[in-house]
Amino acid sequence: MTRKFVLILSLLTLTLIGVGQSPSPAPASPDAPAAVLTSCRGSVMVTRAGRAATVATFGLALNDGDEVRTGADAEAEIMFAAGNWVSVGPSSSMRIKGHAGAKQPAPDSRNFEVVSNFIRLESSEGTSMVGGLRSGDKASALVPVAPVQTKVRDARPTFVWKIDDPSLELRFTIYNESGVHWQSDITEAAFPSSRQGHAALAYPTDAPALTPGVSYSWTLETSDPLVSPPLRTTAAFFEVIAPDDVAALEKELAAIEEKKPGEVTYRLMRASLFFDRGLMADAIGETETAVATDPENGSLHAILGRLYAEAGRTHEAIQEMQKSQK
C-alpha cells in the first residue's frame, strides 16, 4: 500500500476511535453522555439541573435530568446512547433519563458512538486544519472529484472529475501497487457529462478487475501534444472494500430504514456509518444532502468542510468553513 494512502487511513483511524474494529461496541464510559441533539431547528432550549435554560445547539451532549424544550415554531431530534432516537415537536418538552452508560452496552449503542465521533468533525481541530489551507490558489482546469482518498463499495466505480474544456483529449490511468493497472485514451464522446463542468467515466466491464483491499490511484492527463502546458491531475487514491464489509454495512443501513428518523438525523447517521468504514465519497454525499436540508446549520457546513479537506477538495473545504462561520 502506498505511503500516502496509509497516511490518509491513519488520519481516519485517529479521528474516529474504533475504525475498523469489530461491530461489537466497547462498554460505555460512565462519563459518556446519555444522548445527543442530532437536529435542532427554531427556538430550542435546554435546562440542566440547577442551571438556567440555555439555547440548544446541534451536536449538544445531553445527560440524565436535562430537559429539552421547543418553541411554537421549533423541533428537535435526540439520539440516545442505546442507539434509538426520538423527535420533539413544536411546543413540547422531553426530560432525559435512563442513562445507558452501564457496564454492558445496549445492542445498538455502536450507532451512537459512530454518530458522536462523526459530529466531532466540527471541532476546532477540524476548523484549524481547514483554516490552514491556502485560499489564494487558482482552481485547476482538471481536478479529480471521486473517488478521491476514499474506500468504495462498487468494484466497478464511476470516476468523476472537473474539467474546464470537455473537448480535451485525455489519458486515464489506474495504478496498482506494482505499476499501471489499466490505461485508456478518452475523448469527450467517451464520457457523458454528469453535470455542468464535470465529466464521468464508469470503469468498463472488460477492464481488469479491481481487487478488494488493494490501494489504487488514478490520474488524468492531456494526451494531445499541442496542449501546452500539458494538464495532469494529482493522484487520487481509492480502495475497494471486501464483499463481507459491504454486506455488514448494508445491514446497518437497513436498520436505519426500519425506523427512519427525520431527514437531517437520517443523513447524519448514514454519513457516520460511511465515514466509519472509510467510505469518504459516500459520507460527503450524505452530508451534502443534510446541509441542503438545513442550510443554516453552521456545524453541518463545518463537518462538510472537514470532509472536503480530508478528500483533498481544498477550495470546496474553504467555502464550507466560511459558511460555517456566518
Quiz item: side chain to side chain contact (heavy atoms under 4.5 Å, CB included) with Val44: which residues, sequence neighbours excluded?
Solution: Cys40, Ala56, Val68, Thr70, Ala74, Ala76
Quiz item: To the nearest 0.5 Å, what is the distance between OG1 (Thr211) and CG (Asn176)?
Solution: 8.5 Å
Quiz prompt | ring-ring contact (aromatic ring centres under 6.0 Å, His included) involving Phe159 - partner list, sequence neighbours excluded | solution = Phe172, Trp218, Phe238
Quiz item: Between His181 and Ala209, is there a donor-acceptor pair closer than 3.5 Å when you use the side chain of the first and the backbone of the second?
Solution: yes
Self-check item: Listed once per pair and sorted, the salt bridge (charged side-chain N to carboxylate O under 4.0 Å, His left out) pairs that draw on residues 77-89, sequence neighbours left out
Solution: none
Practice problem: Find out whether Tyr266 and Thr293 are in side-chain contact, i.e. whether some heavy atom of one side chain is under 4.5 Å from a heavy atom of the other. | Solution: no
Self-check item: Residue pairs involving residues 202-225 (criterion salt bridge (charged side-chain N to carboxylate O under 4.0 Å, His left out); sequence neighbours excluded)
Solution: Glu221-Arg232
Exercise. Could you list the residues that satisfy side chain to side chain contact (heavy atoms under 4.5 Å, CB included) with Val55, not counting sequence neighbours?
Key: Met45
Practice problem: Taking salt bridge (charged side-chain N to carboxylate O under 4.0 Å, His left out) as the test, write out the residues that go with Asp245, two or more places apart. | Solution: none
Quiz item: Taking C-beta and beyond as the side chain, do Thr222 and Leu170 meet within less than 4.5 Å on heavy atoms?
Solution: yes
Self-check item: Sub-4.5 Å side-chain heavy-atom contact between His198 and Val145
Solution: yes
Quiz item: By side-chain hydrogen bond (donor to acceptor under 3.5 Å, both in side chains), which residues pair with Arg156, not counting sequence neighbours?
Solution: none
Quiz item: Can you find a pair of side-chain heavy atoms, one from Glu252 and one from Arg277, that are under 4.5 Å apart?
Solution: yes
Exercise. Could you work out the complete set of other residues in the hydrophobic cluster of Tyr175, with links drawn between I, L, V, M, F, W and Y side chains under 4.5 Å apart?
Key: Val180
Practice problem: Locate the shortest heavy-atom distance separating Ala236 from Pro147; write the atom from each residue and the value. | Solution: CB-O, 3.8 Å
Quiz item: Tell me, do Val115 and Thr265 make a side-chain contact under 4.5 Å, heavy atoms counted?
Solution: no
Quiz prompt | Ile284 vs Thr150 side-chain heavy atoms within contact, under 4.5 Å | solution = no
Self-check item: Set of side-chain hydrogen bond (donor to acceptor under 3.5 Å, both in side chains) partners for Gln319, sequence neighbours left out
Solution: none
Exercise. Apply side-chain contact (heavy atoms from CB on, under 4.5 Å) to the pair Leu37 and Leu62, showing each step before the final yes or no.
Key: CA-CA 8 Å; Leu37 274 171; Leu62 301 171; 4.1 Å; yes
Practice problem: Work out which heavy atom in Val143 is nearest to a heavy atom in Thr233; give both atom names and the distance. | Solution: N-CG2, 4.3 Å
Quiz item: Is it true that Asp64 and Lys97 make a salt bridge, defined as a side-chain N closer than 4.0 Å to a carboxylate O?
Solution: no
Quiz item: Considering only heavy atoms from C-beta outward, does the side chain of Ser39 approach that of Glu75 to under 4.5 Å?
Solution: no
Quiz item: Who pairs with Glu257 by salt bridge (charged side-chain N to carboxylate O under 4.0 Å, His left out), at least two apart in sequence or on another chain?
Solution: Arg270
Exercise. Just jot down the side chain to side chain contact (heavy atoms under 4.5 Å, CB included) partners of Thr57, sequence neighbours excluded, or say none.
Key: Leu60
Practice problem: Determine whether Leu201 and Trp161 make a side-chain contact, defined as any pair of heavy atoms from C-beta on separated by less than 4.5 Å. | Solution: yes
Practice problem: Not counting sequence neighbours, which residues clear side chain to side chain contact (heavy atoms under 4.5 Å, CB included) with Arg69? List them please. | Solution: Glu67, Ser93
